[in-house]
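This report refers to the structure that appears directly beneath it.
Everything quoted here is computed from the prediction, not taken from an experiment. Below, chains carry the letters A, B, ... as their sequence lines are ordered, and counting in each starts from 1.
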Protein chains: 2
Amino acid sequence: MGYFPIGLRKEGFSLTEDTIVRAKSLAQQAYHLIREAILSGRLQPGERFIESRWAMEWNISRSPVREAVRVLVAEGLLQENGNGYEVFRPSLQDFHDLYEMRLAIEAMAARLAAERIKEPTLVKLQENVEQTQRAVTTGDGPGIISYNTEFHLLIVESTNNSRLIHSFQSYTPLIDYYCLLVLTLNQQQTDIVAEHQAVVDALRAKQATDAYERMFLHIRHDLTVIERM
Amino acid sequence: MGYFPIGLRKEGFSLTEDTIVRAKSLAQQAYHLIREAILSGRLQPGERFIESRWAMEWNISRSPVREAVRVLVAEGLLQENGNGYEVFRPSLQDFHDLYEMRLAIEAMAARLAAERIKEPTLVKLQENVEQTQRAVTTGDGPGIISYNTEFHLLIVESTNNSRLIHSFQSYTPLIDYYCLLVLTLNQQQTDIVAEHQAVVDALRAKQATDAYERMFLHIRHDLTVIERM
DNA sequence: ACGGTGTTTACTGTCGGCTGTCGACTGCAT
DNA sequence: ATGCAGTCGACAGCCGACAGTAAACACCGT
């Protein structure tokens, strides 16, 4: 007991596995499950979060759930509410703050990337822009979103700065979360291709301030489009 | 038992209090104590961190200590080490990454502050610059550091952006930490006053891009000075 | 000496239970 | 009805104990 992934603990498991795999701690599994439940919207914003319910649900004790909760509170996805916890309640102000954070991180990332990016990444970025173009013309909504995410990730990663990357990864799901809750989609803008292309051009030319400027305008454009709704 | 602040649990406490005060949870107290111990250098980098030792030390059970550890791991101040934990081991690369993070956050903050800063804050900033000037001329090292910290904090706070502020507050102690460990002091540069003054001037003139640029150069200057050592 | 195999030890992960607190409910007096 | 005290159920904070594990140690045949 206590070593099988949540959800398999009663039903048993297949013995046909050919490698030995050590399950993550229950606390970590609980963390990921709760996080996923919040970000996917299965847990409503403001909904009360009760440790013991989930512990029972998963047939584990409250300790690992508590530890997961501690981390989620630190990350802001859960909030202490007098006595008890509730799911983070997003506000427009938060969303605005988040976008300014994006501006800070990603514009800086573009600036740094201009000096550090490698040829293979540039190639990938160029491909990405073209794939985005196709997705836009064919009206492939999910495609646009996923290519867009990849575009920004590639640039942030090419800074080789672990803090920027970590920060980026911590707020990216939140943006999707807001879009899920508040907005239908923010991909109506067709300028995205041109703006991405401008960033790539600046990166290719190793023009740091130019890359910064392009990325800054791109994200701020996104923000103003969203705010108009 | 279990409801008095750590350190008072055996000695009892005065009954002359005239207000009811709720003690912070043991987990929160443990969190702050551990964090303080790390940042002050009393816990050496790389030193193994043993939950049960500290629980015994404080006469509490391991549960609250564990919860504190969870948060500190999430923040990066403790690291999982196979089986067990150890104190975050800073590296030069980390320090460099941290400074680029500063560039991202604080340059953006200056940009936003230019549009949002209020007159009283501008006055405070101007006073701050003059106090810094005096501290520099009298060779008051600690004074320079504390005025410098205040300067940057004032600007970040005047963005009214909770994410930027939170990010700033999470890395600020780390910078002091690095300075404590690696460097004697990074305040040998006397340009600090002129650079701060330039930022304040740009803010007063509501020149966003100018404020951005000044702050960017100021912090990068700091970084290059440090790196030369 | 030395690789390999028990064995101890010191720790983390998890559990179930106890206690304090809060909010809702109940019943009584006004 | 209304205000108040008492009661109760639900939940978080905390605890002591147990189980599992990794590294250090001791032992052994070679």
Do A:Arg62 and D:dG13 share a donor-acceptor pair, side chain to base, under 3.5 Å?
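Result: at least one qualifying N/O pair found.
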For the side chain of B:Ser52 and the base of C:dC11, is some donor closer than 3.5 Å to an acceptor across the two?
no
Can you check the [X] [atom1] to [N] [atom2] distance for me, whole Å?
X       : N      : atom1 : atom2 : answer
A:Leu78 : D:dA12 : CG    : C1'   : 14 Å
A:Asn81 : D:dA12 : CG    : C1'   : 13 Å
A:Phe49 : D:dA10 : CZ    : C1'   : 16 Å
B:Glu47 : C:dC11 : CD    : P     : 13 Å
B:Glu67 : D:dA12 : CD    : P     : 12 Å
B:Trp58 : D:dC15 : CH2   : C1'   : 17 Å
A:Asn83 : D:dG9  : CG    : C1'   : 13 Å
A:Ile50 : D:dG13 : CD1   : P     : 13 Å

Report the residue (B:Arg22 or A:Ser25) whose heavy-atom-nearest nucleotide on DNA chain C is the more 5′ of the two.
A:Ser25
Under 4.0 angstrom between B:Tyr85 side-chain N/O and C:dG13 OP1 or OP2:
yes
Answer yes or no: does a side-chain N or O of B:Arg53 lie under 4.0 Å from OP1 or OP2 of C:dC11?
yes
Could you tell me if the ring centre of A:Tyr99 sits under 6.0 Å from that of A:Phe95?
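Yes, ring centres under 6.0 Å apart.
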How are the rings of B:Tyr178 and B:Phe88 set relative to one another: parallel (under 30°), tilted (30 to 60°) or perpendicular (over 60°)?
perpendicular
Give a yes/no verdict on a cation-pi contact between B:Arg111 and A:Phe216, requiring under 6.0 Å between NZ or CZ and the six-membered ring centre and an angle within 45° of the axis.
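Yes, B:Arg111 lies over the aromatic ring of A:Phe216.
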From the options [options], select the nucleotide whose nearest atom is closest to the side chain of [X].
X       : options                : value
A:Glu51 : D:dA12, C:dC11, C:dC22 : D:dA12
B:Arg48 : C:dT21, C:dC11, C:dC15 : C:dC11
A:Ile60 : C:dC15, C:dG13, D:dC15 : C:dC15

Yes or no on side chain to side chain donor-acceptor pair (under 3.5 Å) for A:Asn148 and A:His196, after CA distance, side-chain angles and deciding distance?
CA-CA 9 Å; A:Asn148 182 55; A:His196 280 193; 3.2 Å; yes
Result of checking B:Asn161, B:Asn160, B:Thr159 against A:Glu100 for side-chain hydrogen bond (donor to acceptor under 3.5 Å, both in side chains):
B:Asn161
Considering every strand and a 4.0 Å limit on heavy-atom distances, what is the contact class for B:Ser63: base, sugar-phosphate, or nothing?
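Counting heavy atoms under 4.0 Å across all strands, the contact made by B:Ser63 includes a base.
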